[in-house]
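For ligands, and for the atoms within them, numbers begin at 1 and follow the listed sequence. Scope of the values below: all heavy atoms of this structure, side chains included, with no hydrogens, waters or symmetry mates.
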Amino acid sequence: MENLSRRAVLTGACAILTMGFVNIPSAANASVKRLSDGRLSVRVKSIPELASIGGAVQIGKLKGTPVGLARTGDTKYVAFSLACPHQGVKVVKSENGWVCPAHQSEFESDGDLLLGPATSRLTRIPVRLRGGNAVIG
Ligand code: FES
């Protein structure tokens, strides 16, 4: 009985720890904090995928929606929803940007549309750079 309880506790603890970081690269975990108002604060210099212009990474979720962050300049970043504008399926990282696994719409690393059936880019989310942190939301 005691072993079963210990297993249940450990399984539950692992599930809780995993829930907040699903699909966030391990390098990004320590660099992403959720602020008290729900926005995400990202220490961009600590994320290897954002080391160069054109780099992009899934960074976490805002209000249940997966969020991508891309570097577009020396000190410029854009954030966007990873929900495909066609039918809402979550896009995934591809070699040159993002691709939707449902109907193969393709997007550039900054979320701009490359190929339909989607007819618009990934929905932008406000992002501000503050002291080396990108505050998203
Ligand atoms: S849901 Fe993404 S292309 Fe259809």
- Message: Between T65 and L82, is there a side-chain heavy-atom distance shorter than 4.5 Å?
- Response: no
- Where atom 2 (Fe) of ligand 1 is the centre, what is the SG-to-SG angle for C100 and C84, rounded to 10°? 110°
- Task: Check for a donor-acceptor pair, side chain of T123 on one end and backbone N or O of S81 on the other, with a separation under 3.5 Å.
- Result: no
- Round to 10° and report the angle made at atom 4 (Fe) of ligand 1 by ND1 of H86 and ND1 of H103. 100°
- Query: Counting heavy atoms not belonging to R124, are there more than 12 under 6.0 Å from its CZ?
  - Reply: yes
- Side chain of W98, backbone of S109: donor and acceptor closer than 3.5 Å? yes
- Item | Closest candidate by heavy atom, reference atom 3 (S) of ligand 1, pool A83, G116, S105 | S105
- Query: What's the shortest distance from atom 1 (S) of ligand 1 to any protein heavy atom, and which residue and atom give it?
  - Reply: Q87 N, 3.4 Å
